[in-house]
There are 2 protein chains.
Amino acid sequence: MYSKDLIKGTLQPIIIQLLHEKERMYGYEITREVKQRTAGKLEITEGALYPALHKLEADGILKTEKELHGNRIRKYYSFTSSGEKQGQTLLIEFRDFLDSMRLILNSKSNLV
Amino acid sequence: MYSKDLIKGTLQPIIIQLLHEKERMYGYEITREVKQRTAGKLEITEGALYPALHKLEADGILKTEKELHGNRIRKYYSFTSSGEKQGQTLLIEFRDFLDSMRLILNSKSNLV
DNA sequence: GAATATACATAAGTATCTTAGGTATAACGA
DNA sequence: TCGTTATACCTAAGATACTTATGTATATTC
């Protein structure tokens with residue numbers, strides 16, 4: 001697991017990214033998918049995820065529908081029609097931000 | 001400028017990276033360098049930078065020496081001998097973290 | 001039948017940031 | 001010469017995204 005502070009601010013774009021790929025997902029599924037993609041290096045804690053999902057719903061970006069699987073409830077999240085566009089914008093910004101980080105780490109500048 | 005929340009957690013590794021390249025820098029110089037490297041997309045606020053530098057010093061990773069330039073004081077930061085190693089470790093972790101972000105954004109997973 | 005996995009949730013505390021303010025010198029343009 | 005911008009440091013209040021801990025409940029596995 002990475003140091004806790006690195007992760008701040010990345011959770012929302014991660015959620016948005018996954019939902020852009022899969023249309024609808026439930027919370028626990030998101031934690032599993034992230035863990036799998038990063039070979040266990042990044043584990044989203046539920047104490048962070050659920051409040052984040054609730055906020056995205058409260059902001060009108062995601063909507064939910066509950067479904068019974070076996071005897072357990074799953075709460076599926078998907079984009080609202082307006083949220084779709086907002087999510088795309090946020091993802092573009094996030095990718096651009098990561099590019100900037102790479103620039104900082106790699107630029108052979110006039111330093112030294 | 002990027003959304004505020006994206007930036008959280010990245011300031012410390014940025015400082016460490018720059019000091020690995022240049023040996024010693026002062027606060028204001030760091031803000032200029034970051035702005036230049038990112039074409040103005042990332043501007044470190046002084047309210048964030050100075051407390052971060054103070055913390056790195058308090059943690060024994062950086063040390064300082066004040067210098068008079070013209071009539072203005074510059075406070076130069078550089079690694080302590082033990083801080084050098086810690087900084088390297090932190091940078092490796094940060095790069096790895098960015099790689100994980102890329103994995104999440106790019107993996108053609110079994111989703112959909 | 002105990003431990004682990006699945007699946008949701010909240011709440012207190014921590015840490016990093018933003019925003020806003022403060023001090024002071026240097027340089028530049030109107 | 002006077003106001004603005006740049007340089008250069010600093011702190012404090014408030015916002016907020018996280019961690020850690022806890023709770024509830026069902027399903028599966030050993």
Side-chain angles (χ1 to χ4, degrees), chain A residues 1-16 18 24-36 40 42-59 61-77 90 94 97 100-101, chain B residues 1-16 18 24-36 40 42-59 61-62 64-77 90 94 97 101:
Chain A
M1 271 290 276
Y2 296 115
S3 124
K4 316 304 177 186
D5 295 328
L6 286 182
I7 295 165
K8 293 194 177 183
T10 59
L11 178 52
Q12 196 172 314
I14 288 173
I15 295 170
I16 301 288
L18 295 185
R24 65 187 220 125
M25 294 180 84
Y26 58 98
Y28 189 75
E29 187 185 13
I30 292 175
T31 68
R32 295 305 95 189
E33 180 65 24
V34 169
K35 188 178 181 183
Q36 198 204 313
L42 210 166
E43 284 190 66
I44 295 177
T45 59
E46 295 181 312
L49 178 65
Y50 290 117
L53 287 171
H54 298 162
K55 187 176 185 303
L56 285 167
E57 187 182 10
D59 291 348
I61 294 174
L62 300 181
K63 59 179 163 56
T64 60
E65 36 191 352
K66 287 181 182 167
E67 237 173 63
L68 212 57
H69 261 252
N71 228 334
R72 275 194 292 242
I73 288 178
R74 287 180 185 170
K75 198 167 163 187
Y76 279 94
Y77 288 85
L90 195 147
F94 185 56
F97 174 71
S100 284
M101 286 302 121
Chain B
M1 271 291 275
Y2 296 114
S3 126
K4 315 305 177 186
D5 295 326
L6 285 182
I7 295 164
K8 291 196 178 183
T10 60
L11 179 51
Q12 197 172 313
I14 287 173
I15 294 169
I16 302 287
L18 295 185
R24 64 188 219 124
M25 294 179 83
Y26 57 98
Y28 190 75
E29 188 184 11
I30 292 175
T31 68
R32 295 305 94 188
E33 181 64 24
V34 169
K35 188 179 179 183
Q36 198 205 312
L42 210 166
E43 283 191 66
I44 294 176
T45 60
E46 296 182 313
L49 178 66
Y50 289 116
L53 286 171
H54 299 162
K55 187 175 185 304
L56 284 167
E57 188 182 8
D59 290 347
I61 295 175
L62 300 181
T64 61
E65 35 190 352
K66 286 180 184 169
E67 238 173 63
L68 212 56
H69 261 251
N71 228 334
R72 276 193 290 240
I73 288 177
R74 286 179 186 172
K75 197 168 165 189
Y76 280 94
Y77 288 84
L90 195 148
F94 185 56
F97 174 71
M101 286 301 120

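Below, chains carry the letters A, B, ... as their sequence lines are ordered, and counting in each starts from 1.
- End-to-end axis angle of the helix from C:dG1-D:dC30 to C:dA30-D:dT1, using five pairs per end and rounding to 10°, comes to 30°.
- Of all the heavy atoms in A:Leu42 and A:Ile14, the pair that sits closest is CD1-CD1, 4.4 Å.
- Taking only side-chain atoms of A:Leu11, from C-beta outward, the nucleotide of D:dC18, C:dA9, C:dC8 with the closest atom is D:dC18.
- The side chain of A:Ala48 has D:dC18 as its nearest neighbour among C:dT18, D:dC18, C:dA7.
- When all heavy atoms of B:Leu6 and A:Pro13 are compared, the closest pair comes out as CD2-CG, 4.1 Å.
- Between B:Glu67 and B:Arg72 no salt bridge is recorded (no basic side-chain N to carboxylate O distance below 4.0 Å).
- The nearest whole Å value for the distance from the CD1 atom in A:Ile14 to the P atom in D:dA17 is 15 Å.
- Residues B:Thr10 and A:Phe97 approach most closely at CG2-CZ, 3.9 Å, considering heavy atoms.
- Base engagement by A:Gly47 is indicated by at least one non-hydrogen atom pair under 4.0 Å involving a base atom.
- Taking atom CG of residue B:Leu49 and atom P of nucleotide C:dT16, one finds them 14 Å apart after rounding to whole Å.
- Counting non-hydrogen atoms under 4.0 angstrom, B:Gln12 reaches nothing in the nucleic acid.
- Counting only heavy atoms from C-beta on, A:Tyr50 has its side chain closest to C:dT10 among D:dC9, C:dT10, D:dA17.
- Atom CD1 in A:Ile73 sits roughly 15 Å away from atom C1' in D:dA27 (whole-Å rounding).
- Contact annotation: B:Asn71 side-chain N/O to C:dA24 OP1/OP2 distance is not under 4.0 Å.
- Remark on DNA chain D: of its neighbouring residues A:Gly70 and B:Tyr77, the 5'-side contact belongs to B:Tyr77, judged by nearest-heavy-atom nucleotide.
- With rounding to whole Å, A:Glu46 atom CD is found 16 Å from C:dA11 atom P.
- Nucleic acid contact for B:Lys8: base, since at least one base atom lies under 4.0 Å from a heavy atom of the residue.
- Side-chain proximity of B:His54 to D:dC10, D:dC18, D:dA8: nearest is D:dC10.
- At the heavy-atom level, B:Lys55 lies under 4.0 Å from the strands shown only through sugar-phosphate atoms.
- To the nearest angstrom, C1' of D:dA8 lies 16 Å from NZ of B:Lys35.
- Exactly one residue among B:Arg74, B:Lys66, B:Glu65, B:His69 makes a side chain to side chain contact (heavy atoms under 4.5 Å, CB included) with B:Tyr26. That residue is B:Arg74.
- Side chain of B:Tyr28, nearest nucleotide from D:dA17, C:dC8, D:dA6: D:dA6.
- Distances were taken from every side-chain heavy atom of A:Lys75 (C-beta onward) to each of C:dT18, C:dA9, C:dT10; the shortest belongs to C:dA9.
- In plain terms, the two heavy atoms of B:Thr31 and B:Ile44 that are nearest each other are CG2-O, 3.9 Å.
- If you measure from atom CD of B:Glu43 to atom C1' of D:dA6, you get 13 Å, rounded to the nearest angstrom.
- Between B:His69 atom NE2 and C:dA24 atom C1' there is a gap of 17 Å when expressed in whole angstrom units.
- A:Arg72 has no side-chain polar atom (N or O) that falls below the 4.0 Å cut-off from OP1 or OP2 of C:dT6.
- Closest approach of B:Ile15 and B:Leu53 over heavy atoms only: CG2-CD2, 3.9 Å.
- With sequence neighbours left out, B:Glu57 forms a salt bridge (charged side-chain N to carboxylate O under 4.0 Å, His left out) with no residue at all.
- With rounding to whole Å, B:Ile44 atom CD1 is found 15 Å from C:dT16 atom P.
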